[in-house]
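I have placed the structure first, in the form of structure tokens, so that the comments after it can refer back to it.
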2 protein chains.
Amino acid sequence: MSLNNQTELAIIEAARKIFISKGYSGTTMEKIATEANVSKASLHYYYRSKDKLFEIVLSEVREIIQEKLILIIKSEDNIEVIIKKINDVYVETLINHPYLPNFIINEISSNPEKIVKILLGDKLSTFTILRMMVIIRNKTFKGNKDVVNSYDLILNVISLNVFPFLIRPIIKNIFKIEDEQFNSYMNNRKSGLSTFLFKALKQ
Amino acid sequence: MSLNNQTELAIIEAARKIFISKGYSGTTMEKIATEANVSKASLHYYYRSKDKLFEIVLSEVREIIQEKLILIIKSEDNIEVIIKKINDVYVETLINHPYLPNFIINEISSNPEKIVKILLGDKLSTFTILRMMVIIRNKTFKGNKDVVNSYDLILNVISLNVFPFLIRPIIKNIFKIEDEQFNSYMNNRKSGLSTFLFKALKQ
DNA sequence: GTCTATAGCGGGATAGAC
DNA sequence: GTCTATCCCGCTATAGAC
């Protein structure tokens, strides 16, 4: 068995697509096989079990998010620019991967220990890095040290960016809009969100 | 068949408990039957199908949330007091019903049309009421009309309150804390959150 | 009304031919 | 390597005794 052959790749691509849109229990080996144009037996041949396949997909997801955030954090920008960039990256990533947040939240609640371990990784986690960075940045941002602590700040930024995508069907229903308009709304919201956050940070 | 007899109630209570903690697909009729101390056949006798049972539980959930929010909105308080009360109600409700947010988000993503219809109801929805109220309140709140519009304000308040509960396993892992400490953290966060929101609202 | 037994099906996994 | 056929379990739902 050679690594990265056509069949292997087709299976992973199909698995990614279906796991992320349907969740673990909504996904069947049959559906993945059909999507990849192979038989169910091939799935087991290459990846042994549904669980194993799922773990690979979930790890990929972690990498997508981790890479983008680390890029921002490594920059030498001040806290305001960093927040603005985080808003941009979240909205962009979530518009391109609309099912990601629901996928992660669903899996977190159905199997917390396993999912948290895969998402946060064994080494230095995305969240730990983010946290450390904001502590450092905070020191150079005048007067806000006692107003919002850095843990809360990160939690607030992520909450404000991710939650609307989680309840997208509700938002679409209330405003009677479609996906395209929802995406525009989220894009337009970015600048207001940055302003909102900056003001909250000021003494 | 008389309404509200013992068996009927036991089944609904068991169904509520298991559906909310395990989600639709994580729940089996067997588990509900065991929890209620009756046979599977009785479940079907009273409620015909798993789907029917689920719809009843979901409608109950909507009522819990709706009641609390309407109470707040009906009051004559100004926008700052209303926001403070909403923060209080959300944190209190979510501490008492820890699985509620995950349950709703899970079901939204697995069957959006159906869930949104049940959650928002056929008549005047919770969200519509909230929205209208904030529009009115905004008019009496000096100078913030162009800063944050009322839709965004509501979305922000709900995001900031609900999202941390959704990622509780991650937060617990990062801070190495247990449920009790998580609840304290969310309780302590309330006042900071109100301050955060007020400042963002000021011109 | 409540139970036991079972029908019927969908899904993960494997055996074995090619 | 890839397929078809099949095993076997778990689940919803129903039949029928009491």
Side-chain angles (χ1 to χ4, degrees), chain A residues 1-60 99 103 106-107 109-111 114-115 118, chain B residues 1-60 99 103 106-107 109-111 114-115 118:
Chain A
M1 160 183 143
S2 69
L3 288 173
N4 292 338
N5 73 50
Q6 279 308 104
T7 308
E8 249 182 299
L9 282 174
I11 292 171
I12 279 293
E13 270 176 43
R16 188 186 305 131
K17 179 175 173 183
I18 297 178
F19 272 129
I20 289 179
S21 59
K22 304 281 182 186
Y24 182 84
S25 58
T27 296
T28 70
M29 295 300 260
E30 181 70 43
K31 283 182 197 163
I32 297 176
T34 304
E35 177 72 27
N37 275 313
V38 296
S39 71
K40 278 197 288 177
S42 295
L43 270 56
H44 289 281
Y45 175 79
Y46 281 107
Y47 298 99
R48 222 178 60 84
S49 72
K50 185 184 176 183
D51 264 41
K52 194 72 198 154
L53 207 41
F54 179 71
E55 274 186 30
I56 292 171
V57 170
L58 195 60
S59 293
E60 284 184 359
Y99 296 107
F103 172 67
N106 284 356
E107 303 311 327
S109 74
S110 58
N111 200 344
K114 182 179 161 190
I115 309 302
I118 297 176
Chain B
M1 160 183 142
S2 67
L3 288 174
N4 293 338
N5 73 50
Q6 279 306 104
T7 308
E8 249 182 300
L9 281 174
I11 292 171
I12 278 292
E13 271 175 43
R16 188 186 305 129
K17 181 175 173 184
I18 298 178
F19 271 130
I20 289 179
S21 59
K22 304 282 182 185
Y24 181 85
S25 57
T27 297
T28 70
M29 296 300 261
E30 180 70 43
K31 284 181 195 163
I32 296 175
T34 304
E35 177 72 27
N37 275 314
V38 295
S39 71
K40 280 193 287 178
S42 295
L43 270 55
H44 289 281
Y45 175 79
Y46 282 108
Y47 298 100
R48 224 178 59 85
S49 72
K50 185 185 176 182
D51 264 42
K52 193 73 198 154
L53 206 42
F54 179 71
E55 272 187 30
I56 292 171
V57 170
L58 195 60
S59 292
E60 283 184 0
Y99 296 106
F103 172 66
N106 283 354
E107 304 310 328
S109 72
S110 58
N111 201 343
K114 183 179 161 190
I115 309 303
I118 296 176

*Looking only at side-chain atoms of B:Ser49, point me to the closest of D:dA13, D:dC3, D:dG1.*
D:dA13

*So, is A:Thr7 close to the D:dG1 phosphate, meaning a side-chain N or O under 4.0 Å from OP1 or OP2?*
no

*Does NZ in B:Lys22 sit with more than 12 non-hydrogen atoms of other residues, nucleotides or ligands closer than 6.0 Å?*
no

*Apply the test side chain to side chain donor-acceptor pair (under 3.5 Å) to residues B:Tyr46 and B:Asn5: give CA-CA distance (whole Å), side-chain angles for both, the deciding distance (0.1 Å), then the verdict.*
CA-CA 11 Å; B:Tyr46 282 108; B:Asn5 73 50; 3.2 Å; yes

*Could you tell me whether the side chain of A:Thr28 and the main chain of A:Lys31 form a donor-acceptor pair under 3.5 Å?*
yes

*Whole angstrom is fine here: how far is it from OH in B:Tyr24 over to P in D:dC11?*
13 Å

*asked:* I want to check one thing: is the phosphate of D:dG1, taken as OP1 and OP2, less than 4.0 Å away from some side-chain N or O of A:Tyr45?
replied: yes

*Nucleotide nearest A:Ser42 when distance is taken to its side chain, options C:dG12, D:dC3, D:dA15*: D:dC3

*Pick the nucleotide of DNA chain C nearest each of B:Lys40 and B:Asn37; which residue has the one closer to the 5' end?*
B:Asn37

*Figure out the NZ/C1' separation between A:Lys50 and D:dG10, and round it to whole Å.*
13 Å

*asked:* Could you tell me if the side chain of A:His44 sits less than 4.5 Å from the side chain of A:Lys50, heavy atoms only?
replied: no

*Nearest-Å distance, NZ (A:Lys31) to P (C:dA13)?*
16 Å

*The side chain of A:Thr28 lies closest to which of these nucleotides: C:dT2, D:dT4, C:dG12?*
C:dG12

*Which is true for A:Thr27 with a 4.0 Å heavy-atom rule: it touches a base, it touches only sugar-phosphate, or it touches nothing?*
sugar-phosphate

*Could you state the atom-to-atom distance from OH of B:Tyr46 to P of D:dT12 in whole Å?*
20 Å

*Indicate whether any N or O donor in one side chain lies under 3.5 Å from an N or O acceptor in the other, for B:Asp51 and B:Tyr24.*
yes

_Candidate nucleotides C:dA13, C:dT2, C:dT4, ranked by approach to the side chain of B:Ala41 - the nearest_ = C:dT4

*Atom-to-atom span, CG of B:Leu43 to C1' of C:dT4 - whole angstrom*: 15 Å

*Atom-pair distance (CE on B:Met29; C1' on C:dT6), nearest Å*: 17 Å

*How close or far is atom P of D:dA15 from atom CZ of B:Arg48, stated in whole angstroms?*
13 Å

*Let me know the distance between CZ of A:Phe19 and P of C:dG11, rounded to the nearest Å.*
13 Å

